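Excluded from the calculations below are hydrogen atoms, water molecules and symmetry mates; all remaining heavy atoms, backbone and side chain alike, are included. All values derive from a computational prediction rather than experimental measurement.
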Amino acid sequence: MTALFVTRRLPIDVRAEAPPEIEVRVFGEDRPPTGSEIAREARGCAALLTLVSDPVDDALLEALPTVRHVAQVAVGYDNVDVEACRRRGVLVTHTPDVLTDATADLAFTLVLAVARRVREGEALLRSGRFEGWSPTMLLGVELSGRTLGVYGFGRIGRAVARRARGFGMRVLYTSRSGAPAEVEASLEATRVPFEALLEQSDVLSIHAPLDERTRGRFGAAELAAMKSGAILVNTARGPIVDEGALAAALAGGHLFGAGLDVFEREPEVHPALLGRDDVVLLPHLGSATEAARQRMARTALADAVRVARGEPPAHVVPELR
Ligand code: DGY
């Protein structure tokens with residue numbers, strides 16, 4: 001019987017949904033297991049169902065020689081050393097598509113929350129300091145007629161662009177390869193160099209994967225090159241933005257505000273950001289709808305079942321295709 005180790009309780013009952021030929025073991029506590037706990041509890045397993053909080057590195061693979069498949073329950077898989085998996089002949093799959101709208105909704109929630117100073121307004125009201133309507137209180141910025149810059153124009157970036165079009169925004173984007181002409185046409189989106197994206201975006205939303213090319217991509221120089229009064233939103237991966245530099249750019253008044261769902265040293269948040277009123281901070285909720293999280297778990301499980309049955313999985317990560 002093939003055994004599968006699930007590193008965290010998921011929003012579906014994996015044991016009940018897996019076919020009888022697969023033995024499912026689930027980590028017993030509702031916290032990310034350490035590498036040595038995974039190595040101990042997954043001993044003898046053929047596959048792991050992993051989450052963004054599980055570092056799957058060469059040492060773990062070495063400790064688990066029976067593992068042939070890492071089924072990541074997320075679209076991003078920067079926690080998995082894909083090169084080490086390739087060397088060891090371990091398959092890596094992920095869960096694209098099923099969380100696109102959930103994540104784009106959350107990115108746009110942050111855009112609106114920062115632009116309209118939702119956090120400050122709510123805090124004012126709850127503190128009992130609201131003394132009635134004022135023509136000058138908490139004035140924000142309008143989105144209509146402004147420019148959205150999308151850094152990374154894959155599924156989620158395009159879904160955010162679609163939302164922005166509904167708000168009357170112009171769309172610019174930067175990506176490694178250009179989008180097909182019909183996608184550009186339907187979103188009226190224009191591909192521009194990174195420098196132009198920084199200079200022209202009123203709202204800049206990050207949707208690129210974390211890798212060596214994107215790590216630290218938004219540092220002090222890039223933030224300084226952004227349009228004055230712009231909003232930065234990051235729902236991709238924290239290390240793409242230098243949080244200390246972002247806090248400094250906000251403190252200097254160069255940016256209007258920022259919305260962050262992901263952090264450089266997650267779950268820690270840079271202390272200089274925690275104290276700022278112009279920053280909306282969320283605890284990595286991008287895909288956190290019940291439906292999206294269930295689809296993610298089922299997509300990963302379906303690939304684990306395919307691999308266990310000797311069939312090709314549906315969502316191998318691009319580097320291993
Ligand atoms: C992903 O899928 O990469 C998300 O960050 C997890 O919600």
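Under a 3.5 Å cut-off, the side chain of Asp54 and the backbone N or O of Leu51 do form a donor-acceptor pair. With hydrogens and angles ignored, the 3.5 Å screen pairs a side-chain donor or acceptor of Arg15 with a backbone N or O of Val24. Looking at Glu222, its side chain does come within 3.5 Å of a backbone N or O of Gly219 through a donor-acceptor pair. Between the Asp242 side chain and the Gly216 main chain, no donor and acceptor come within less than 3.5 Å of each other. In this structure, Arg117 contributes its side chain and Ala113 its backbone to no donor-acceptor pair below 3.5 Å. Side-chain atoms of Glu37 come within 3.5 Å of backbone atoms of Thr34 as a donor-acceptor pair (strictly under, hydrogens ignored). A distance-only check finds no donor-acceptor pair linking the side chain of Arg119 to the backbone of Ala123 [under 3.5 Å]. His315 places no side-chain N or O within 3.5 Å of a backbone atom of Val92 that could act as its donor or acceptor partner. In terms of modelled atom types and a separation under 3.5 Å, the side chain of Asn234 and the main chain of Leu260 share no donor-acceptor contact. Between the side chain of Thr214 and the backbone N or O of Asp211 there is at least one donor-acceptor pair closer than 3.5 Å.
When each of Asp303, Asn79, Thr93 is tested with Gln72 by the rule side chain to side chain donor-acceptor pair (under 3.5 Å), just one qualifies, namely Asn79.
Between Arg237 and Asp78, the shortest heavy-atom contact is NE-OD1, 2.7 Å. The shortest heavy-atom contact between Leu210 and Ile240 is CD1-CG1, 4.0 Å. When all heavy atoms of Arg213 and Arg217 are compared, the pair lying nearest together is O-CD, 3.7 Å. When every heavy atom of Asp57 is checked against every heavy atom of Asp81, the shortest pair comes out as CA-CB, 4.1 Å. Val75 and Pro96 make their closest contact through CG2-CA, 3.7 Å (heavy atoms, listed as atom of the first residue, atom of the second, distance).
Val262 and Phe108 are assigned to two separate hydrophobic clusters, defined by single-linkage of ILVMFWY side chains at heavy-atom distances under 4.5 Å. Val114 is not connected to Leu246 by any chain of hydrophobic side-chain contacts under 4.5 Å among Ile, Leu, Val, Met, Phe, Trp and Tyr, and they are in different clusters. In the hydrophobic clustering of ILVMFWY residues, with side-chain heavy atoms under 4.5 Å counting as a link, Val183 and Val192 come out apart.
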Self-check item: Working for salt bridge (Lys or Arg N to Asp or Glu O under 4.0 Å), residues Glu23 and Arg25
Solution: CA-CA 7 Å; Glu23 178 207 337; Arg25 298 185 210 160; 3.1 Å; yes
Exercise. Any chance you could lay out the side-chain contact (heavy atoms from CB on, under 4.5 Å) test for Met226 and Glu199, step after step, and finish with the verdict?
Key: CA-CA 5 Å; Met226 282 178 69; Glu199 279 165 23; over 6 Å; no
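For Thr95 and Arg295, the side-chain atoms include no donor-acceptor pair closer than 3.5 Å. In summary, the side chains of His270 and Glu264 do not present any donor paired with an acceptor at a separation below 3.5 Å, with no hydrogens or angles considered. Counting only N and O atoms by type, the side chains of Arg170 and Thr147 include a donor and acceptor under 3.5 Å apart.
Inter-residue side-chain proximity for Phe218 and Ile206 is flagged as met; some heavy-atom pair is nearer than 4.5 Å. Put simply, the side chain of Arg293 does not reach to within 4.5 Å of the side chain of Leu10, judged on heavy atoms. No side-chain heavy atom of Val171 sits under 4.5 Å from any side-chain heavy atom of Glu188. Looking at heavy atoms from C-beta onward, Leu143 lies in side-chain contact with Leu112 at the 4.5 angstrom threshold. Taking the side chain as every heavy atom from C-beta outward, Val73 and Arg8 never approach each other to under 4.5 Å. Counting only heavy atoms from C-beta outward, the side chains of Pro318 and Tyr77 approach each other to under 4.5 Å. Taking the side chain as every heavy atom from C-beta outward, Pro19 and Val305 approach each other to under 4.5 Å.
Remark: Arg158 fails to qualify as a cation-pi partner of Tyr173 under the 6.0 Å distance and 45° angle criteria applied to the six-membered ring.
Distance check: Phe153 CZ to Ser177 OG gives 11.5 Å after rounding to the nearest 0.5 Å.
The neighbour count for Glu182 CD, taken as heavy atoms of other residues, nucleotides or ligands under 6.0 Å away, is above 12. More than 12 heavy-atom neighbours from other residues, nucleotides or ligands sit within 6.0 angstrom of CZ on Arg87.
Residues meeting the side-chain contact (heavy atoms from CB on, under 4.5 Å) test with Ala224, sequence neighbours left out: none.
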